[in-house]
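Remarks on the structure that follows.
Below, chain A is the first sequence line, B the second, and so on; all start at residue 1. Since the structure is predicted, the reported quantities are computational estimates derived from the model, not experimental observations.
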Number of protein chains: 2
Amino acid sequence: MELADEAGIESVTMRELGRRLGVKAASLYNHIAGKDDLLDGLMNLALSGIDIALDGLDWKDAMRRRAVSAREVFARHPWAAGLIDSRDRRGRESLAYVDRVLGVLIRAGFSTADAANAFLVLDSYIYGFERQRPAAPEGNGTDGTGEAREILAAIPEGEYPFAARVAAEFSGKPFDREAAFEFGLGLILDGLERSLGH
Amino acid sequence: MELADEAGIESVTMRELGRRLGVKAASLYNHIAGKDDLLDGLMNLALSGIDIALDGLDWKDAMRRRAVSAREVFARHPWAAGLIDSRDRRGRESLAYVDRVLGVLIRAGFSTADAANAFLVLDSYIYGFERQRPAAPEGNGTDGTGEAREILAAIPEGEYPFAARVAAEFSGKPFDREAAFEFGLGLILDGLERSLGH
DNA sequence: AGCATGTACTAACAGTGTTAGTATGTCAAG
DNA sequence: CTTGACATACTAACACTGTTAGTACATGCT
């Protein structure tokens, strides 16, 4: 996980991992079944950082909490989301997770079909959000203003006026990703609440 | 694109592609700069299938049309979404796309910041949705009922009651992904509309 | 006729995951 | 203390991957 966070998931090779551990690549096979096994473990390790202690909360608070916590995980480990959809999601661990979430929704009054729908919609948003991250800027800070400036400079004069306006807007002030996430999350949760009362 | 659709993006190797074209791998380099070039082209080819002829439509209709069309593309080419976030999104082509969409929103009355927000929220959902697809079932049809049955059978008796209920629900009838997508899309669009009037 | 261009080829390189076979250290039983 | 079993590390190799250098050939223009 340290290796993936620091150097990117593409740097997680058997030989590189071995180098970090002071060991040759082949020796790793005494401990794991193969690279798939390694990546499965990595995925579960990341997923275990998502808060699903949802008992006793209102369904909306529970879903919001889960979503915010999931986004933090995906922001901290940008490789996690990509890892998830390149492999099977049907492990025991994720089944428990699914059951927890569905339980909250069904107990709140959603039909089984509606609960499945709500789950899918919410997770689509959650999993999709941190992917909408522009490629990391080179030598700038982490607020993205430098990158916005860079994009702005690359836009041909007058050809893309609206993109230019938006880039100009965010070259001055940082973009608050967390706030943007919660804005969209609120839209979805409010909509689900409305759909609950027919 | 045929190769990626039929055999999966991981089968798109220089040697395999050459085999399909009746040519050795090295010969491909007379036509493309490298594999990155190839994948960029593949991505743009897929993206060009998204309908962005949005002029003259109400902003909601325009966004809905774009979203539905994008989902169809991602459903038809499951590798496309993954390709997009593994490479730089700042090409001329995608810049035109971005400008088009932002233009619709800003003209509809969104501030530049709100338009950027709306864009991000919408695309998070769009890009995230087709990833929430369970691994393809082996010998079953495409409606997923066989897979739901299979999952149901694999759930330990009584351990995950809510997951079991949902699996049971959908082992009887097919799951309409398109309807589910439009349901969530509607929630978001309605929410954006409400936020437009403060 | 000669030459330039485009395109295919073979061979090779460094890198990937993985396995077989071998050596080494540690620790428990006799 | 010796012996043996076990865990673990190693080297060497295999079949892949993307990519480049150098070469051959066929087409078509001057």
Side-chain angles (χ1 to χ4, degrees), chain A residues 1-48 77-94 131 135-136 138, chain B residues 1-48 77-94 131 135-136 138:
Chain A
M1 193 172 217
E2 286 173 16
L3 176 57
D5 285 344
E6 291 169 18
I9 190 67
E10 74 282 355
S11 297
V12 179
T13 70
M14 291 302 192
R15 287 171 174 84
E16 180 59 34
L17 180 59
R19 211 167 296 140
R20 289 242 175 173
L21 299 173
V23 138
K24 299 292 178 178
S27 307
L28 299 173
Y29 289 84
N30 287 314
H31 306 275
I32 57 175
K35 196 179 185 187
D36 276 353
D37 194 31
L38 176 72
L39 294 180
D40 280 342
L42 201 50
M43 179 186 76
N44 284 333
L45 183 57
L47 250 42
S48 71
H77 310 299
W79 41 266
L83 216 55
I84 286 172
D85 55 41
S86 70
R87 65 203 46 250
D88 219 322
R89 260 189 281 344
R90 311 196 288 248
R92 285 189 66 85
E93 187 163 337
S94 40
R131 296 170 187 270
E138 294 284 333
Chain B
M1 194 170 217
E2 286 173 15
L3 177 56
D5 285 345
E6 291 169 18
I9 191 67
E10 74 282 354
S11 298
V12 179
T13 70
M14 290 299 172
R15 288 171 174 83
E16 180 59 35
L17 180 58
R19 211 167 297 141
R20 288 242 174 171
L21 299 173
V23 138
K24 300 291 178 177
S27 306
L28 299 173
Y29 288 84
N30 287 314
H31 306 275
I32 57 175
K35 197 182 184 184
D36 276 353
D37 194 33
L38 176 71
L39 294 180
D40 280 343
L42 201 49
M43 181 187 74
N44 285 333
L45 183 57
L47 250 42
S48 71
H77 310 300
W79 42 265
L83 251 172
I84 287 171
D85 54 41
S86 71
R87 66 202 47 250
D88 220 320
R89 261 191 278 344
R90 313 197 286 248
R92 287 188 67 83
E93 186 162 337
S94 39
R131 296 169 187 272
E138 295 283 333

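Protein chain B touches strand DNA chain C; the 5'-most and 3'-most nucleotides with an atom under 4.0 angstrom of its non-hydrogen atoms are dT7(C) to dA12(C).
Minimum interatomic distance between L28(B) and G18(B) (heavy atoms only, all atoms of both residues): CD1-N, 4.0 Å. Taking all atoms of both residues into account, the shortest heavy-atom contact from A46(A) to M1(A) is CA-CE, 3.8 Å.
Computed from coordinates, the K24(B) NZ to dT17(D) P distance equals 13 Å when rounded to whole Å.
Screening residues 8-17 of chain B for side chain to side chain donor-acceptor pair (under 3.5 Å), with sequence neighbours left out, gives E16(B)-R19(B). The side chain to side chain donor-acceptor pair (under 3.5 Å) analysis of residues 27-37 of chain B, with sequence neighbours excluded, yields no pairs.
Partners of E2(B) by side-chain contact (heavy atoms from CB on, under 4.5 Å), not counting sequence neighbours, listed by chain and number: E6(B).
Of all the residues in residues 2-22 of chain B, R15(B) reach under 4.0 Å from DNA chain C with at least one non-hydrogen atom. Of the residues in residues 28-36 of chain A, N30(A), H31(A) come within less than 4.0 Å of DNA chain D through at least one heavy atom, sorted by number.
Residue L17(A) holds its CG atom at 4.5 Å from CG of L21(A), rounded to the nearest 0.5 Å. A distance of 9.0 Å separates CG in N44(A) from CD1 in I84(A), rounded to the nearest 0.5 Å. One distance of note links CG of L3(B) with CZ of R20(B); it measures 4.5 Å at 0.5 Å rounding. Remark: L45(B) CG to L83(B) CG distance equals 11.0 Å, nearest 0.5 Å.
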Please determine whether side chain to side chain contact (heavy atoms under 4.5 Å, CB included) holds for the pair L42(B) and W79(B), giving the CA-CA distance in whole Å, both sets of side-chain angles, and the decisive distance to 0.1 Å. CA-CA 10 Å; L42(B) 201 49; W79(B) 42 265; 3.7 Å; yes
